[in-house]
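Contents: one structure, followed by commentary.
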Amino acid sequence: VPTPSAILADGTNAPRQPVFTLLLPPPNVTGRLHMGHMLNQTQMDIIVRWHRMRGFLTLWLPGTDHAGIATQMMVERQLAKEGKNRRDLGREAFVERVWEWRREYGGAILEQMKRLGASVDWSREYFTMDENLSRAVREVFVRLYGEGLIYRGKYIVNWCPRCGTAISDLEVKHEETPGKLYEIRYPVAGSKKDFITVATTRPETMLGDTAVAVNAADERYKKLHGKKVLLPLMLREIPIILDELANPEFGTGAVKVTPAHDANDFQAGLRHKLPQIDVMDERGYMNENAGAYAGLERFEAREAVLRDLRTQGLLAGEKDYVVPIGKCERCRTIVEPRLSTQWFMAMTKAGRDGSPSLAQRASEAVKSGEIRFTPENNSRIFLQWMENIYDWCVSRQLWWGHRIPAWYCGNSKCREIVVARETPAKCPKCGGRVEQDTDVLDTWFSSGLLPFTTLGWPEKTRDEEVFYPTSLMITGGDILFFWVARMIMFGCHFMQGHQQDSAIKRLSGFDGRKDDSVPFREVYIHALVRDAERQKMSKTKGNVLDPIQVIEQYGTDATRFTLAAMASPGTDIAFNPKRTEGYRAFANKIWNAARFIFMNVDRAQQAGVWSLKEFCGAGAPARGAVPRTGLSGFQHATLEDRWILSRFNAVAEEMNSALETYRFDEAASRVYDFFWGEFCDWYLELMKPRLAGENGDQAAARAAFGNIVGVFEGALRLLHPFMPFITEEIWHAIYDGKPPAKSI
RNA sequence: AGGCGCGUAGCUCAGUUGGUUAGAGCGCUACCUUGACACGGUAGAGGUCUGGGGUUCGAGUCCCCACGUGCCUACCA
């Protein structure tokens, strides 16, 4: 099959056929194929082959993601084995080392994909750090900065002390963990007896307290309004403030305010112009602002603080309390809210011209049906998230990734920030030396752009007219927000005004859709693959099934068929190899049906009655695939012939409509039941006497054979998207007119 | 704390807008080495559709409650 690129390049440059575009969710370069990938790719491949067979110009674009943190960690581990760390190498050498790593090992997962039969267009393989994609990333950054939608600022971010970088809200996984709620007495300044008791789960942060808040309406604290307290251990006077932050219903109704270590306190701090005292360093150790506790690791500091409070009689109580603890999704380290200067992307800010915010545009695209989700309820999940979204922290304190295209003037009187596509030679304002920001962008920043950057953006290309918007996105619910949401926001923003070639759009079945800026028209969210006991597969549990092992045991076709057959909407897939065993038997059944046919060919040829070529070997098969209305040359001889033909056509219809709605399970079981329960069990059995030339009727035998081959060949077409290997093998054998050489 | 889902045969799951005796695969039982296939064939056993209430001529399917279970989102110290 010629690739779409070849077809576009063949001179006509204007395909008059429907187009189907699918972007492969790029696996991490560091990744190894897991069952989730296999499910995802099987479903994509089924849809892609099905479209190709129906005459769509089909582009399935593969690639890999540079996966900032994951890849950097992997190479750092490698370095650690040599007794080195990245700082020993320096930035440039380290990044070169990562490139080396990727050149050597980065293609592993794509090689594994090939074994699944994924029929992607390898000629268009991309990597998210390719030069053209990197250029597009800078373009996007510069434009958004110019529009005021990317900004730099000092805010509380989620900080992973182990990875040493800020991470986004989505990279924090919350776990309800049994902990303690401590009540601490803060002495009121100028009084010997009065205390105000605050409640906290993180006592060590009190070292950075700059106020205590009570609710203005709280009668208990009326007499303390306007007073100060003496912060224990640090012996610093801090004010009692009135703020909504304090909920009279919770704890003691008084809350300590630590603007540098808590997002709520940070906001309260801004409202009351409180100082921000950062008491920790980037590794989670107490810094010089923590007085006597400086140098202690944060949880050691907690113990030390509690011990000292106890000795001073200031620990009023401790209760068991379930605390939702945020952990770094990558290394499970407890995340620290940290005050830090980072780059953010504004999610809810309207454009300068009053145009809707990124989040609002994305919501509208889904609400209006320009992007449709399957299963449908995912659109509600999506919209709910969009409505509660916060600005996205896009900078990471890493070395591997797209470096932020911002330069700072070193002249202390100037301090100009230059955001530019190319490295500026000098500060455009004062002519001083400029230095580039040391941070890189969140990995999802570049992957969010892929639907258009892989098609040539920012250049205007024919590719873009033909293939954008992509037709479908198939992915897991786990990256709905990480990736799908970001693609929608970026796509709607940067492709605004884009028009897909109208003839192609009509032919492809998207004529009714008005908005061609969306990155894809349909989203299919697939289920999670679990083990046979419905447990989530995880390395620690040791229940991870390696797809390569499974396919080596049962065959790729059987494994693919299992995943398709079990992909019913709304439920996770409990992958049970027993089921795969059953589908291996099915593959065997197909093989044996083929053997039966070739056995009859042999017999007929020996008798000189006919050859297989007469039935289907003459010339190339008709293009366009799943036959809807019968097979050419089929002879409606008898009741059973007419019956199998009507069943065949009904099944083909049913499969088509099942696949229209991504009901892989239904399509799979339809063809399974038809092939085994009807074609093999009944039709072949009924035909045996006629095939054998019953009553010496060779004409009837000949017609019988032709009909069998016809239905069988059609069934192979129905099966092909699901089981590409066995069907291709047999199909070629039929057209070559000789049995396949291999045995099962 | 909010949101989303699931609970149907021993096991894993179908059951699309409510409509005759609720289906499949695996497992189980009996028989069959029939010239494609024992990874096969034929026949069969097995379910008060988690529980309770409601709507309806009619509910596995719709509504409410309870229980069990899974996931996602979340700055109440």
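Lettering follows sequence order; numbering is per chain, from 1.
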Item to check | For A:E666, side chain to side chain contact (heavy atoms under 4.5 Å, CB included) partners two or more places apart | outcome: A:A658, A:R663, A:R670
Would you please classify the geometry between the [Y] ring and the [X] ring as parallel, tilted or perpendicular, with 30° and 60° separating the classes?
X: A:F266; Y: A:Y155; answer: perpendicular
X: A:W676; Y: A:F586; answer: parallel
X: A:Y524; Y: A:Y662; answer: tilted

With a non-hydrogen cut-off below 4.0 angstrom, is [X] in contact with a base, only sugar-phosphate, or nothing?
X: A:L245; answer: base
X: A:Y321; answer: sugar-phosphate
X: A:N247; answer: base
X: A:D478; answer: nothing
X: A:F266; answer: nothing
X: A:E387; answer: nothing
X: A:K256; answer: nothing
X: A:A246; answer: base
X: A:A585; answer: base
X: A:R663; answer: sugar-phosphate
X: A:G253; answer: base

Next on the checklist: In whole Å, I'd like the distance from the CZ atom of A:F373 to the P atom of B:C4.
Outcome noted: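 Going from CZ in A:F373 over to P in B:C4 covers 16 Å.
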Next on the checklist: Tell me the interatomic distance from A:I389, atom CD1, to B:C72, atom P, rounded to whole angstroms.
Outcome noted: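 For the pair A:I389 CD1 and B:C72 P, the rounded distance is 18 Å.
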The side chain of [X] lies closest to which of these nucleotides: [options]?
X: A:P324; options: B:A77, B:G2, B:A36; answer: B:A77
X: A:N377; options: B:U73, B:A36, B:G5; answer: B:G5
X: A:T201; options: B:A77, B:G5, B:A36; answer: B:A77
X: A:L170; options: B:C76, B:U73, B:G5; answer: B:U73
X: A:M566; options: B:U12, B:A77, B:G41; answer: B:U12

Item to check | Qualifying residues under salt bridge (Lys or Arg N to Asp or Glu O under 4.0 Å), relative to A:R302, sequence neighbours excluded | outcome: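 Partners of A:R302 by the salt bridge (Lys or Arg N to Asp or Glu O under 4.0 Å) criterion, ordered by chain and then number, come out as A:E204.
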Checklist entry - Between the base of B:A36 and the side chain of A:E685, is there a donor-acceptor distance below 3.5 Å? => result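 Check passes, donor-acceptor contact within cut-off.
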Checklist entry - Between A:R380 and A:F596, who's closer to the 5' end of RNA chain B by nearest nucleotide? => result A:R380
Next on the checklist: On RNA chain B, compare the nucleotides closest to A:F482 and A:V323; which residue's is nearer the 5' end?
Outcome noted: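 By nearest-heavy-atom nucleotide position, the 5'-most residue is A:F482.
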Next on the checklist: Checking the side chain of A:R220 only, and the main-chain atoms of A:P248 only, is there a donor and an acceptor separated by less than 3.5 Å?
Outcome noted: yes
Next on the checklist: Could you check whether any side-chain N or O of A:R202 sits under 3.5 Å from a backbone N or O of A:H261, counting only pairs where one atom can act as donor and the other as acceptor?
Outcome noted: yes
Distances under 3.5 Å only, N/O to N/O: pair up the protein atoms with those of nucleotides 23-29 of chain B.
none

Could you write out each protein N or O paired with an N or O of nucleotides 44-47 of chain B at a distance under 3.5 Å?
none

Item to check | All ring-ring contact (aromatic ring centres under 6.0 Å, His included) counterparts of A:F482, not counting sequence neighbours | outcome: A:W444
Next on the checklist: When you measure from the side-chain N and O atoms of A:K589 to the phosphate of B:G41, is any distance below 4.0 Å, counting only OP1 and OP2?
Outcome noted: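 Result: yes.
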Checklist entry - Is any side-chain N or O of A:K173 closer than 4.0 Å to OP1 or OP2 of B:C72? => result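 Answer no for this pair, as no side-chain N or O of A:K173 is under 4.0 Å from OP1 or OP2.
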Next on the checklist: Between A:T177 and A:E175, is there a side-chain donor-acceptor contact under 3.5 Å, judged purely by atom types and distance?
Outcome noted: no
Item to check | A:T258: which of A:D209, A:D278, A:T210 passes side-chain hydrogen bond (donor to acceptor under 3.5 Å, both in side chains) | outcome: A:D209
Next on the checklist: Under 6.0 Å from the ring centre and within 45 degrees of the ring axis: does the NZ or CZ of A:K589 meet both conditions for the six-membered ring of A:F679?
Outcome noted: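 No cation-pi geometry.
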Item to check | Involving RNA chain B, stems made of at least three consecutive Watson-Crick or G-U pairs, both distances under 3.5 Å | outcome: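 For RNA chain B the paired stretches long enough to count as stems (3 pairs minimum) are B:1-7 with B:67-73, B:10-13 with B:23-26, B:28-32 with B:40-44, B:50-54 with B:62-66.
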